[in-house]
There are 2 protein chains.
Amino acid sequence: MRTKQLLTGLFLSTSLLALGQDEKLDAATTDKIRQEGLQRSQVMETAFYLTDVNGPRIQGPGYMNAANYAKGKLAGWGLQNAKLEAWGDWGKGWNVERCYFAMTAPYYKSMIAVPRAWSGSTNKLQTADILFITDSDTMALENYKGKLKNKVILLDQSYKVTPSFKADADRYTDDELQKMASAEAPRGGGQRMPGDSAMRRMMQTMRTRNVFNQKMRKMAKAEGAVGILNSTQNSKDGTLFVSGDYANAALGATPDDLADLSISAEDYMMLCRLMKANVPVKLEVDVKTKFFTDDIKGYNVLADIPGTDPKLKDEVVMLGAHLDSWHAATGATDNAAGSAVMMEAARILKAIGVKPRRTIRIALWSGEEQGLFGSRNYVTNHLVDATTNKLNKEGENVAAYFNVDNGTGKIRGIYLQGSEAAGPVFAQWLKPFNDLGATTVTIQNTGGTDHQSFDRYGIPGFQFIQDRIEYNTRTHHTNMDTYDHLQADDLKQAATVVASFVYNAAMRDQKIPAKPVAITQQSGR
Amino acid sequence: MRTKQLLTGLFLSTSLLALGQDEKLDAATTDKIRQEGLQRSQVMETAFYLTDVNGPRIQGPGYMNAANYAKGKLAGWGLQNAKLEAWGDWGKGWNVERCYFAMTAPYYKSMIAVPRAWSGSTNKLQTADILFITDSDTMALENYKGKLKNKVILLDQSYKVTPSFKADADRYTDDELQKMASAEAPRGGGQRMPGDSAMRRMMQTMRTRNVFNQKMRKMAKAEGAVGILNSTQNSKDGTLFVSGDYANAALGATPDDLADLSISAEDYMMLCRLMKANVPVKLEVDVKTKFFTDDIKGYNVLADIPGTDPKLKDEVVMLGAHLDSWHAATGATDNAAGSAVMMEAARILKAIGVKPRRTIRIALWSGEEQGLFGSRNYVTNHLVDATTNKLNKEGENVAAYFNVDNGTGKIRGIYLQGSEAAGPVFAQWLKPFNDLGATTVTIQNTGGTDHQSFDRYGIPGFQFIQDRIEYNTRTHHTNMDTYDHLQADDLKQAATVVASFVYNAAMRDQKIPAKPVAITQQSGR
């Protein structure tokens with residue numbers, strides 16, 4: 001998931017559940033899906049291969065290995081046309097080949113450190129003093145000119161490490177779910193995308209801060225600094241939040257020849273305190289990263305269960321999740337979880353031998369973390385007329401898109417993304433899973449992931465409500481996003497619910513009701 | 001603190017607060033103590049030097065540097081006879097000079113790793129395969145003979161990483177404090193030491209397990225293994241719980257020439273899963289440790305504020321805390337916190353110019369983590385007649401011993417350690433600090449730290465009740481026990497309360513009421 005989930009609900013709601021007609025549900029198939037999904041699940045095995053065995057899935061060999069694994073599994077389960085499909089030029093691949101960071105004076109301390117994505121290398125084990133920059137004004141950086149060679153740069157920051165008096169993990173309470181169920185429709189009928197506007201604001205703030213950072217980096221590079229240290233407020237207890245600046249991944253960019261290191265708030269603050277107390281500090285840094293330029297394309301993984309109804313088989317029900325991850329861990333909850341759930345949903349449907357009326361297509365996206373690149377480009381490449389910027393025939397034929405990208409928690413319901421008419425349908429589809437905790441239909445939006453790429457063109461695109469567990473506190477974009485933070489029972493439930501939704505959408509006489517569309521122009525990459 | 005705090009309360013209690021006579025309290029001095037302790041505190045500066053600047057305080061240069069710093073500060077504040085006093089032979093000093101651990105296949109992952117105390121070295125960067133030992137029976141180790149050379153040994157363990165649905169940090173609730181206040185007297189009138197018996201049980205379990213481990217280590221050493229991996233159930237989210245086996249610190253012991261590494265439960269389980277799935281794994285290990293044999297003695301830090309009443313100045317009120325720590329971090333909450341609080345209490349009393357009737361003695365102990373060595377040996381060296389094993393004159397003259405070793409939390413009250421008669425006295429002493437949350441007197445025991453060394457010989461020895469904050473979840477014996485996990489306001493409050501208690505004990509006409517003594521024989525080191 002790219003950014004924090006954002007909810008808006010400002011206008012009066014209508015009672016969604018009162019609107020619906022009876023959905024024709026196939027109880028026998030639902031039961032088979034439950035049996036296969038809950039009793040014979042392979043979701044944890046799939047997750048194991050995507051995480052422990054594969055490693056981080058950032059653009060480069062890490063992503064490609066996982067994509068090829070996924071393609072192979074989908075083909076092996078009997079899906080058709082399993083393939084990797086290039087969506088355009090992504091940029092350089094990258095991975096970490098070594099990372100060691102320690103303080104050697106005033107005493108020895110090996111520190112938890114993760115290179116930020118697209119960090120350069122130190123080329124060898126370097127010993128270095130700290131250059132402590134106490135100015136935050138860009139002009140004042142001139143004062144440090146000539147002082148950066150062989151230094152590790154530390155900016156005077158103030159992170160407050162606070163004990164957690166609130167539990168790291170939680171699940172939605174009945175009360176919270178009730179509030180979501182009775183929430184009001186998003187402003188503008190769901191056409192506004194809070195995720196995107198929040199993202200724009202965030203990026204503006206980042207750009208402002210970056211003016212300083214870019215100048216500092218330029219100086220660091222020019223003078224031959226060894227590295228730059230970073231941290232974040234919530235990087236505590238050994239859990240580091242790490243992403244990166246993907247400008248370095250662009251083909252034209254020359255990577256900084258220095259280590260761009262994330263460390264814990266505790267270590268960062270200790271170094272600042274030692275500097276302020278004039279205690280001499282020595283560091284050791286050995287970071288080796290590798291850029292890959294042999295194939296700069298981005299690839300999605302696609303596979304189909306072909307439709308069988310002559311009138312409907314050109315229509316497609318899609319289920320998707322982003323397969324790429326950040327690199328500080330193995331992206332277990334973001335988003336091996338969603339990928340494994342979607343793969344498992346496809347496996348369940350093949351295993352019980354469904355003959356869907358519409359074609360079912362699974363898509364595993366790349367480049368989500370840097371801007372929904374895979375899904376956006378899939379939509380513009382396949383589903384949109386470049387001249388009119390409106391859905392083409394293939395786009396009109398997408399009956400629905402379902403996405404999972406909110407961590408390891410079980411499904412508690414679904415966001416309608418402002419699409420009121422879909423509410424009564426989904427409420428009935430959830431009924432057979434109410435006993436598993438999946439109960440809630442909310443008119444609200446959620447942002448920050450790939451359903452938005454569909455929603456913005458009016459394709460009914462949905463993301464499920466999932467229990468948060470420890471997504472925002474411990475796993476989302478952290479070095480702790482690993483297999484052991486996955487909850488097996490939750491993922492089994494999620495795959496089961498998704499399989500049923502996809503099946504229902506593929507069998508329904510009508511497509512999922514769409515909503516009026518007002519396209520927000522957004523540039524893909 | 002050596003082990004978890006254990007509480008017992010089995011018999012009927014008497015109403016403690018009803019028993020007391022009025023204590024003559026010096027309100028003016030209490031007020032000065034509050035002003036100095038809360039408004040002009042230096043406790044965080046002291047803690048900074050003991051942690052950030054000094055580093056880990058395990059036997060060796062780390063401990064000695066801190067001890068000398070403390071001695072210097074105490075002398076600087078005007079305490080008399082500030083000194084390091086040897087209590088006997090401790091064993092070898094030890095520290096870490098390098099620690100790097102990474103997986104290099106199936107992909108690169110730098111892992112959070114901490115050598116267990118008194119680990120040996122790999123001597124250089126070693127690349128190694130894993131030897132996965134799936135047997136837990138000692139005899140079955142024979143199956144692995146000849147297979148250990150150049151291997152990192154991984155035992156097939158099963159750690160379950162579970163999300164924290166309970167907050168890492170908490171404070172005592174009014175209800176909990178009320179329960180403690182109304183608890184019943186410990187079985188056997190407080191002479192039984194639950195901490196010690198629990199410790200014995202724990203050590204028995206460890207010994208049983210160690211039969212296997214010792215044989216495995218012997219094979220590892222004989223065949224030339226590179227290292228052994230360890231973890232614990234609660235070592236998750238980047239927080240590692242690390243201690244060590246101090247048998248290696250004994251003068252006669254030859255340290256294993258291999259790395260004894262603690263890693264996270266997540267990494268440990270990942271390696272086990274990869275082994276079980278027959279995925280080839282390559283590791284890199286570079287661990288360098290150093291043993292010190294130039295001075296194998298253990299030292300306590302002692303300093304006095306001499307008494308001024310001719311009749312009482314030979315009597316001593318002691319305040320103490322252990323200064324040593326484990327090594328995975330800087331032992332901030334265990335027990336730089338307690339040491340800084342006790343030093344600050346001494347500073348407060350000097351700063352406001354008290355003239356105590358009895359002598360006030362601060363003691364900062366060493367070797368607490370391995371068995372209360374410093375305090376036990378202080379007591380047997382100074383306060384006990386070796387022939388009778390009873391208190392000598394100097395021992396009889398110790399009016400009270402106050403200890404702080406329960407982390408960074410503020411003082412909520414005091415454990416009576418079964419000493420009923422002290423209850424009404426302390427209840428009145430707490431009154432001026434009720435507004436700061438210090439309210440509760442409990443007849444209960446608490447164990448696992450240095451007051452036990454006094455209590456077992458009948459010297460009134462007490463430990464304060466402190467808010468837990470995140471002691472058991474994040475800091476106690478972990479790599480996260482660092483300065484930023486200290487709570488400044490809590491430590492200021494604690495130093496203030498302790499200073500007042502010590503002052504009152506030094507001024508009171510009578511000593512703190514003692515309880516009948518039944519010595520539990522325990523061997524010091």
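Naming: A, B, ... by sequence-line order, numbering from 1 per chain. Note: hydrogens, waters and symmetry copies are ignored here, and every other heavy atom, side chains too, is used.
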Chain B shares the most heavy-atom pairs under 4.5 Å, among A/P106, A/G62, A/C99, with A/C99
Looking at B/V281, B/L274, B/V279, which has the largest count of heavy-atom pairs under 4.5 Å with chain A? B/L274
Can you check whether chain B and chain A share any donor-acceptor pairs under 3.5 Å, and give the atom names and distances if they do?
| from | atom 1 | to | atom 2 | distance (Å) |
| --- | --- | --- | --- | --- |
| A/D52 | O | B/Y107 | OH | 2.8 |
| A/D52 | OD1 | B/R273 | NH2 | 3.4 |
| A/D52 | OD2 | B/R273 | NE | 2.4 |
| A/D52 | OD2 | B/R273 | NH2 | 3.0 |
| A/R98 | NH2 | B/E284 | OE1 | 3.3 |
| A/R98 | NH2 | B/E284 | OE2 | 3.3 |
| A/C99 | N | B/Y108 | OH | 2.8 |
| A/C99 | O | B/S110 | OG | 3.3 |
| A/Y107 | OH | B/D52 | O | 2.8 |
| A/Y108 | OH | B/C99 | N | 2.8 |
| A/S110 | OG | B/C99 | O | 3.3 |
| A/S164 | O | B/D168 | N | 3.3 |
| A/S164 | O | B/A169 | N | 2.8 |
| A/D168 | N | B/S164 | O | 3.3 |
| A/A169 | N | B/S164 | O | 2.8 |
| A/D237 | O | B/T239 | N | 3.3 |
| A/D237 | O | B/T239 | OG1 | 2.7 |
| A/T239 | N | B/D237 | O | 3.3 |
| A/T239 | OG1 | B/D237 | O | 2.7 |
| A/E266 | OE2 | B/H485 | NE2 | 2.7 |
| A/R273 | NE | B/D52 | OD2 | 2.5 |
| A/R273 | NH1 | B/D484 | OD1 | 3.1 |
| A/R273 | NH1 | B/D484 | OD2 | 3.2 |
| A/R273 | NH2 | B/D52 | OD1 | 3.4 |
| A/R273 | NH2 | B/D52 | OD2 | 2.9 |
| A/R273 | NH2 | B/D484 | OD2 | 2.9 |
| A/E284 | OE1 | B/R98 | NH2 | 3.3 |
| A/E284 | OE2 | B/R98 | NH2 | 3.3 |
| A/D484 | OD1 | B/R273 | NH1 | 3.1 |
| A/D484 | OD2 | B/R273 | NH1 | 3.2 |
| A/D484 | OD2 | B/R273 | NH2 | 2.9 |
| A/H485 | NE2 | B/E266 | OE2 | 2.7 |

Between chain A and each of B/L240, B/V53, B/I469, count heavy-atom pairs under 4.5 Å; write down the option with the most. B/V53
Segment of B/F48 engaging chain A (4.5 angstrom heavy-atom cut-off): side chain
Heavy-atom nearest pair, B/F165 first then A/A169, reads CD2-O, 3.4 Å
Determine the minimum heavy-atom distance between A/G238 and B/I112, stating which atoms define it. O-CD1, 4.1 Å
